[in-house]
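The block underneath contains the structure these notes are about, expressed in structure tokens.
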Amino acid sequence: MSMQLSEENPLLPKDPYERSLAPGLVLAKIHNRRKGSISDAFTTPYPPANRKARHACICSNSKPPLQSLHPDLIKTMSEVKLYGFWPSPFSQRIIWALKLKGVEYEYIEEDLSNKSESLLKYNPVHKKIPVLIHGDKPIAESLVILEYIEETWPENPLLPKDPYERAMARFWIQYGVDTVAALGALTFYQGSGEELKKAAKELLESLKILEEQGLGDKKFFGGESMNLVDISYGALGYWLAAVEEAKGVKVLEPSTLPRLHAWAKNLNELPVVKENIPASDKILAFVTGAMNRLAKN
Ligand SMILES: N[C@@H](CCC(=O)N[C@@H](CS)C(=O)NCC(=O)O)C(=O)O
């Protein structure tokens with residue numbers, strides 16, 4: 001007798017927090033220790049920020065109005081904290097998702113050159129931001145956090161309802177893990193000339209597949225509005241432009257990737273993106289500084 005996979009025989013825990021810890025749900029193929037990943041910029045010593053200057057600001061949201069929510073929900077929402085780092089595309093993902101859900105949270109800026117005890121306690125495995133704290137429960141890895149947010153606050157859904165469509169969305173999110181690695185390789189590639197061109201070509205090739213087979217003719221991966229796939233590719237919208245400028249190469253152009261270029265433009269115009277991404281000159285200065293520090297090491 002064949003075993004039926006049904007709600008009676010769940011293969012993942014029911015509780016969203018327990019699910020976020022289940023290895024089968026981890027979408028991220030982690031490139032944590034891989035050279036040339038975006039993350040390398042953050043691991044290299046950065047001029048230490050004055051610890052006292054570390055700010056913890058309360059980010060408020062208005063969607064949906066809190067008054068319309070159940071008091072229990074308001075309570076859980078007030079217990080949300082996000083450890084992030086301002087230039088990080090991984091923290092941006094979480095900020096956008098929380099804001100789109102209308103979840104109130106406290107933002108804590110982490111100094112990655114002098115990590116706080118809290119970060120080391122909450123993410124002892126990778127010791128990286130972002131970390132979301134819900135009540136007393138820490139969740140690490142941006143793609144896992146996004147899934148947790150979607151499951152915990154189902155209003156304003158960011159994944160399709162249909163299981164097949166959801167699987168397709170997750171397929172493209174997973175594909176993006178490789179794309180981010182290609183973007184990281186271009187960002188931190190220290191050579192020039194032919195080899196730099198090669199890194200740019202590799203990124204272009206993976207983005208062409210994303211454009212043709214993932215985005216197609218849609219405005220966003222989510223259709224008319226942004227979903228988790230769009231959020232996961234957020235770095236293409238603002239970070240890549242800074243890398244292109246710093247490196248003097250162009251990858252995402254109307255002539256090479258017309259639909260993805262239009263997507264990036266549309267994404268950057270969304271209020272949740274526009275209002276939260278750092279100014280382009282600051283990102284450029286950060287990317288250039290990180291490249292120079294890496295070159296010296
Ligand atoms: N795979 C992780 C990557 C997170 C990541 O690379 N975070 C960087 C900042 S952008 C970090 O905390 N780096 C510090 C370190 O590597 O020590 C995710 O998606 O959350």
Side-chain angles (χ1 to χ4, degrees), residues 3 5-34 37-39 42-43 72-73 75-85 88-101 103-108 110 112 115-161 163 166-178 180-181 227-229 231-232 234:
M3 195 174 100
L5 289 185
S6 67
E7 285 184 6
E8 286 80 60
N9 294 318
L11 297 174
L12 280 173
K14 228 173 173 166
D15 172 68
Y17 183 69
E18 297 296 325
R19 289 167 80 90
S20 78
L21 296 176
L25 192 71
V26 177
L27 290 165
K29 189 173 88 193
I30 301 156
H31 292 265
N32 283 318
R33 298 267 71 89
R34 186 169 159 166
S37 74
I38 282 186
S39 166
F42 305 99
T43 51
D72 286 354
L73 192 54
K75 189 173 170 289
T76 44
M77 284 162 76
S78 66
E79 294 167 355
V80 178
K81 287 188 184 129
L82 172 64
Y83 285 79
F85 180 50
S88 169
F90 302 104
S91 331
Q92 282 291 319
R93 287 173 171 172
I94 313 306
I95 291 170
W96 299 348
L98 289 171
K99 297 223 162 185
L100 287 168
K101 295 284 185 183
V103 175
E104 287 217 336
Y105 64 98
E106 180 185 355
Y107 177 77
I108 300 156
E110 189 58 42
L112 292 179
K115 293 175 185 171
S116 70
E117 277 179 25
S118 302
L119 178 67
L120 302 178
K121 178 177 88 182
Y122 289 134
N123 189 1
V125 178
H126 300 306
K127 305 175 178 65
K128 293 184 178 192
I129 58 89
V131 178
L132 188 80
I133 317 289
H134 187 196
D136 56 352
K137 293 179 289 194
I139 305 122
E141 281 299 318
S142 61
L143 298 180
V144 177
I145 300 172
L146 290 180
E147 291 268 348
Y148 179 82
I149 291 172
E150 176 65 3
E151 292 187 349
T152 306
W153 296 283
E155 49 291 319
N156 304 335
L158 294 171
L159 275 176
K161 239 185 164 152
R166 286 170 87 91
M168 289 305 98
R170 287 175 171 138
F171 174 89
W172 286 111
I173 291 173
Q174 178 60 40
Y175 179 81
V177 175
D178 297 324
V180 168
N227 74 0
L228 282 195
V229 185
I231 293 177
S232 73

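Heavy-atom basis, side chains included; hydrogens, waters and symmetry copies ignored. Quick note: residue numbers are just sequence positions, from 1.
In this structure, CH2 in Trp96 is found 10.5 Å from CG in Leu146, a value given to the nearest 0.5 Å. With rounding to the nearest 0.5 Å, the separation of CZ in Arg166 from CG in Asn227 is 10.5 Å. Within the model, atoms CG of Leu98 and CD1 of Ile149 stand 4.0 Å from one another, a figure rounded to the nearest 0.5 Å. Taking CD1 of Ile108 as the start and OG of Ser91 as the end, the distance is 12.0 Å to the nearest 0.5 Å. For the atom pair Asp136 CG and Tyr122 OH, the distance stands at 8.0 Å (nearest 0.5 Å). Atom CG in Leu228 sits 4.0 Å away from atom CG in Leu159 (nearest 0.5 Å).
Using a 4.5 Å heavy-atom cutoff, the side chains of Val229 and Met168 are not in contact. Tyr83 places none of its side-chain heavy atoms less than 4.5 Å from the side chain of Pro130. In this structure, the side chains of Asn123 and Lys128 come closer than 4.5 Å at one or more pairs of heavy atoms. Counting heavy atoms from C-beta on, the side chains of Tyr105 and Ile94 never come closer than 4.5 Å. Side-chain atoms of Ile231 and Ile173, non-hydrogen and from C-beta on, never get closer than 4.5 Å to each other. No side-chain heavy atom of Val80 sits under 4.5 Å from any side-chain heavy atom of Glu104. Side-chain contact check for Lys101 versus Glu150: some heavy-atom pair is nearer than 4.5 Å. Put simply, the side chain of Leu132 does not reach to within 4.5 Å of the side chain of Lys81, judged on heavy atoms.
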Walk me through whether Leu82 and Val131 qualify under side chain to side chain contact (heavy atoms under 4.5 Å, CB included).
CA-CA 6 Å; Leu82 172 64; Val131 178; over 6 Å; no
Decide salt bridge (Lys or Arg N to Asp or Glu O under 4.0 Å) for Arg170 and Glu147; before the verdict, give the C-alpha distance in whole Å, the side-chain angles of both, and the deciding distance to 0.1 Å.
CA-CA 10 Å; Arg170 287 175 171 138; Glu147 291 268 348; 2.9 Å; yes
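Under the side chain to side chain contact (heavy atoms under 4.5 Å, CB included) criterion, Tyr17 pairs with Asp15, Ser20, Leu21, Lys137, Pro138, Ile139, Tyr148, sequence neighbours left out.
Lys115 approaches Lys127 most closely through the heavy-atom pair NZ-O, 3.0 Å. The heavy-atom pair separating Thr152 from Pro154 by the smallest distance is O-CD, 3.3 Å. Among all heavy-atom pairs drawn from Glu18 and Pro13, the shortest one is CB-CB, 3.4 Å.
By the 30° and 60° cut-offs, the orientation of the rings of Tyr175 relative to Phe171 is parallel.
For the pair Arg93 (side chain) and Ser142 (backbone), a donor-acceptor distance under 3.5 Å is absent.
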